Every structure is written in C-alpha cells, then in structure tokens.
Amino acid sequence: MTRKKQPTIYTLPDEFQAFDFAQDLLYWYDAQKRDLPWRINRDPYRVWVSEIMLQQTRVETVKPYYQNFMQKFPTVEALAAAPEEEVLKAWEGLGYYSRVRNLQAAAREVTVSYGGVVPDTPEEISKLKGVGPYTAGAILSIAYEVPVPAVDGNVMRVFSRLLLMDDDIAKPATRIKMEQLVKQTIPIGRAGDFNQAIMELGALVCLPKNPQCLTCPVFDYCLARREGVQDTLPVKGKAKPPRPVQLLTAVVKRGNQYLIQKRPEQGLLAGLWEFPMVEDAGTKDDEEQLLRLLEKEYGLQVDLGDYLMNVQHTFSHLHWNVDVYVMEHISGEPLKENAVFVTSEEMSQYAFPVLHNKIIAEITAKEEKW
DNA sequence: TATGCGTGGAA
DNA sequence: TTTCCAAGCAT
C-alpha cells in the first residue's frame with residue numbers, strides 16, 4: 001500500500017505577533033506608499049498588466065512601458081483584438097517576451113470564456129497563461145480583496161529576516177512554506193494592501209544589501225534584527241554562470257533593403273525579428289560559413305562580406321559573442337519562411353531584441369556613407 | 001526539482 | 001569590471 005506524503009504544515013513562531021505586525025506595517029504603508037501608475041485604481045485588467053510587467057523587472061523600468069501599453073490597449077478586449085506584432089512592439093526592450101504573448105493569449109481567453117471579466121477565483125485565474133502562484137495571488141488580493149498570499153522575491157526576503165528563516169529562497173519548496181506563513185498574517189479586509197505593503201517594505205527598507213533597519217516600521221517584530229543577523233539573510237543558492245556562445249550574423253543588403261527573419265514562436269527571444277545568424281563552428285573562415293548558410297538555408301547568392309562589428313550580449317543563462325558582416329545581395333529570393341527584405345524605415349515596425357537594435361543603430365549611423 | 005527565459009541599474 | 005539582482009512562469 002503506497003501513500004502520498006502528507007504536506008508539512010508550517011506555523012508562525014509563538015513570539016511573532018502577527019496581528020500587531022500587520023497593523024504597524026499597514027500604518028506605514030498608508031503613509032509612505034509610492035505613487036505608481038498602476039495604483040490609480042484597482043481595475044483587475046490594470047492590475048493584471050502591471051503584475052505581468054513587473055515580473056523580474058524594476059519599477060522604474062516598467063513605468064513608461066505601462067503607460068504606453070495601457071494607452072494602446074486600455075481594456076481586455078482591446079488587447080485581445082490587437083495584432084500580435086503591435087503588442088510585441090509595445091513590449092520591445094522589456095525582456096522575457098513570452099510574458100506578453102501569454103498575456104495576449106490569456107486576454108483572448110478572458111474575452112471569450114469570461115465575457116471580458118477577469119475571473120476572481122484561484123482555480124479560474126490560475127488557468128490563464130502566464131499567471132502563476134504569485135500573479136494569481138496579487139490580482140486576487142489587490143483587485144478583488146481575496147485573502148490569499150502573493151509571495152515574490154521581496155516577500156521571501158522580508159519574511160526570511162522577520163521570522164529568522166534560513167531556508168534557501170532559490171528553492172521552489174521555500175515559496176510554498178512562505179505562502180503558508182504569509183497567509184496566517186493577512187489581516188481581514190486588507191489583503192491587497194497587506195501584500196503590497198510587504199513588497200513595498202522590501203523595495204524601500206528591507207533591501208537585499210544594507211537593510212535600513214533604523215527606519216523600519218516593523219523593527220520591533222524582526223527576529224533576525226533581534227539576533228543581529230539581518231545581513232546574512234535571506235539564504236540564496238547561486239546560479240550557474242552563463243554559457244558562452246559564438247555567433248556569426250549576416251546583414252544582407254539589397255539596394256536600400258535588409259534581410260530579416262522572425263524567430264520561432266517558442267524559446268529564446270520568441271517571435272522577435274533578427275538578422276540571419278549561425279553558430280560559429282570556430283574552425284572555418286567566418287565569411288565562408290555565412291555564404292554557405294545564405295545559399296543553403298535562404299537560397300541567396302551574396303557578395304563576399306565586410307566585417308562590420310562585434311556585439312556581445314549576456315542573458316541570464318547565455319553569453320552571446322556575435323561577429324557581424326555586411327554582404328551585398330546578388331540574386332535569389334528568400335526561400336525561408338518568415339524571411340523578408342525591408343527598408344530601415346520599415347524595420348521600425350518590427351520588434352527586435354536589444355542585441356539587434358545595437359546592430360541596427362550601427363547600420364543607420366553608417367548608411368550615409370554607403 | 002532544475003533549467004530556460006531579457007534587460008538594465010546599482011554597488 | 002563583475003556580480004547581483006527586480007512585483008516569476010513554464011516545463
């Protein structure tokens with residue numbers, strides 16, 4: 001007879017006064033909270049968009065993107081009806097592009113299945129693409145005042161110190177534990193403000209380095225501060241270093257046009273546009289590799305290229321080192337699907353990753369010379 | 001559970 | 001310069 005392991009139940013330390021903690025934190029939050037564009041009201045769609053944008057992304061970075069996005073796509077229906085290319089363009093430069101593709105897919109789902117109303121139950125909202133445990137909790141608590149936790153990196157850092165926890169916050173299991181503990185501290189009727197208040201404390205006071213304990217509104221409750229070990233928490237396992245990748249890129253010029261192609265709809269830089277690239281085997285002549293690529297994969301005859309520049313870009317898991325060559329088109333139409341010739345003006349309609357915008361900037365600067 | 005998925009700011 | 005990291009999710 002096999003039996004599933006019972007989940008461990010975690011409870012707050014006896015000495016932790018959860019009710020008083022929440023009251024003092026909310027008092028501080030009401031007075032000190034930042035004036036942010038997504039705090040104008042609690043419209044579920046506005047909250048939703050903000051939470052997706054804020055994933056792994058700084059508040060100051062998000063602000064201008066959020067304003068622009070809400071102006072272009074003010075409602076669930078507007079986002080659902082928009083061309084994907086336009087939505088991707090509005091996200092250009094923000095990173096983690098699958099977020100916005102999932103967001104639009106979910107907006108379409110909300111439009112057809114829920115009449116355009118963002119669902120207000122954990123079961124329904126968690127089914128939406130791109131909505132995980134944190135985002136579900138954030139939307140439900142902020143927009144609908146459902147008393148559920150919203151545990152992000154800030155919350156784990158604050159609670160690690162507050163409750164003197166040495167759990168590794170890089171491990172998924174720690175988030176489960178945190179959710180249980182946070183849930184037990186949520187004050188009735190103010191779930192949304194409370195969740196935001198913990199995050200606000202993490203962003204303004206309980207910083208990753210040099211926490212500002214002397215100005216902390218909940219100094220008295222912090223068990224790590226009581227022991228003087230706040231600088232050693234939270235415990236966080238180290239990430240692997242990025243893997244280096246050598247790449248060759250061809251900027252194929254035909255008159256005043258350039259060859260670009262759309263990346264696959266899944267994986268790295270999904271759905272964005274780029275110049276044709278090939279991984280550098282490192283053994284042969286660079287230009288020779290590119291000529292073969294363009295002939296075989298694209299059906300294009302091109303003139304032997306000139307070296308243009310080197311571009312480097314580090315992702316969280318990859319380090320790209322890209323050598324860029326400029327080549328003149330001789331003959332042939334692009335065979336490859338999603339490969340097109342466009343002018344540099346037309347290029348501005350397409351969403352490129354930051355890496356390629358560096359190349360485009362260089363080309364634009366040199367276009368007068370050519 | 002571990003890994004893939006962006007970008008730019010701060011120290 | 002390097003490292004860390006910022007309101008995570010999907011697989």
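Since this is a predicted model, take the numbers as computed values, not measurements.
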Colleague: Between atom CD in A:Gln55 and atom C1' in B:dC5, what is the gap in whole Å?
Modeller: 12 Å

Colleague: Sticking with atom C1', work out how far B:dG6 lies from C:dC5, rounded to a whole angstrom.
Modeller: 13 Å

Colleague: A:Asn102 has an atom CG; how far is it from atom C1' of B:dC5, in whole Å?
Modeller: 11 Å

Colleague: Does anything in residues 184-212 of chain A reach DNA chain B, meaning a heavy atom under 4.0 Å, and if so which residues?
Modeller: none

Colleague: Scan A:Leu94 against the nucleic acid and name what it touches under 4.0 Å (heavy atoms): base, sugar-phosphate only, or nothing.
Modeller: base

Colleague: Whether A:Glu60 and A:Lys63 form a salt bridge (side-chain N of Lys/Arg under 4.0 Å from carboxylate O of Asp/Glu) is what I want to check.
Modeller: yes

Colleague: For the pair made of CG in A:Leu54 and P in C:dA6, what is the distance, rounded to whole Å?
Modeller: 13 Å

Colleague: Rounding to a whole Å, what distance do you find between A:Lys240:NZ and B:dG4:P?
Modeller: 6 Å

Colleague: Between P on B:dT7 and CE on A:Met53, what's the gap in Å once rounded to a whole number?
Modeller: 15 Å

Colleague: Between C1' on B:dA2 and NZ on A:Lys238, what's the gap in Å once rounded to a whole number?
Modeller: 18 Å

Colleague: Less than 4.0 angstrom between a side-chain N/O of A:Tyr96 and OP1 or OP2 of B:dG4, yes or no?
Modeller: no

Colleague: Using only side-chain N and O atoms of A:His313, determine if any of them is under 4.0 Å from OP1 or OP2 of B:dT7.
Modeller: yes

Colleague: Look at all strands and tell whether A:Arg39 reaches a base, only sugar-phosphate, or nothing, counting heavy atoms closer than 4.0 Å.
Modeller: base

Colleague: Which of parallel (below 30°), tilted (30 to 60°) and perpendicular (above 60°) describes A:Phe275 and A:His356?
Modeller: tilted

Colleague: Would you please confirm or rule out a distance under 4.0 Å between OP1 or OP2 of C:dC9 and any side-chain N or O of A:Thr135?
Modeller: yes

Colleague: Can a side chain N or O of A:His317 be found less than 4.0 Å away from OP1 or OP2 on B:dT3?
Modeller: no

Colleague: Across the strands shown, which category fits A:Arg101 at heavy-atom distances under 4.0 angstrom: base, sugar-phosphate, nothing?
Modeller: nothing

Colleague: Of A:Leu128 and A:Val59, whose nearest nucleotide on DNA chain C comes first from the 5' end?
Modeller: A:Val59

Colleague: More than 12 non-hydrogen atoms from neighbouring residues, nucleotides or ligands closer than 6.0 Å to CD1 on A:Ile330, yes or no?
Modeller: yes

Colleague: Heavy-atom nearest nucleotide on DNA chain C for A:Ser50 versus A:Gln266: which residue maps closer to 5'?
Modeller: A:Ser50

Colleague: May I ask you to evaluate whether A:Arg243 reaches the phosphate of B:dG4, defined as a side-chain N or O under 4.0 Å from OP1 or OP2?
Modeller: no

Colleague: Would you call A:Asp285 and A:Arg292 a salt bridge, using N to O less than 4.0 angstrom?
Modeller: no

Colleague: Record whether the side chain of A:Thr61 comes under 3.5 Å of the base of B:dG9 through a donor-acceptor pair of N or O atoms.
Modeller: no

Colleague: Donor-acceptor pairs under 3.5 Å, side chain of residues 86-95 of chain A to any protein atom, not counting sequence neighbours: which ones?
Modeller:
{"residue": "A:Lys89", "atom": "NZ", "partner": "A:Glu92", "partner atom": "OE1", "Å": "3.3"}
{"residue": "A:Lys89", "atom": "NZ", "partner": "A:Glu92", "partner atom": "OE2", "Å": "3.2"}
{"residue": "A:Lys89", "atom": "NZ", "partner": "A:Ser348", "partner atom": "O", "Å": "3.0"}
{"residue": "A:Lys89", "atom": "NZ", "partner": "A:Tyr350", "partner atom": "O", "Å": "2.9"}
{"residue": "A:Trp91", "atom": "NE1", "partner": "A:Gly95", "partner atom": "O", "Å": "3.1"}
{"residue": "A:Glu92", "atom": "OE2", "partner": "A:Phe352", "partner atom": "N", "Å": "2.7"}

Colleague: Just to be sure I understand the rule, does A:Val62 reach a base, reach only the sugar-phosphate, or reach nothing, if contact means heavy atoms closer than 4.0 Å?
Modeller: nothing

Colleague: With sugar-phosphate meaning primed atoms plus P, OP1 and OP2, does A:Trp320 contact a base, only sugar-phosphate, or nothing at under 4.0 Å between heavy atoms?
Modeller: nothing

Colleague: Would A:Glu200 and A:Arg39 pass as an ion pair if we require N to O under 4.0 Å?
Modeller: yes

Colleague: Taking the side chain as C-beta and beyond, is there a heavy-atom pair between A:Tyr134 and A:Val155 under 4.5 Å?
Modeller: no

Colleague: Could you work out the separation of C:dA10 and B:dT1 based on their C1' atoms and round it to a whole Å?
Modeller: 13 Å

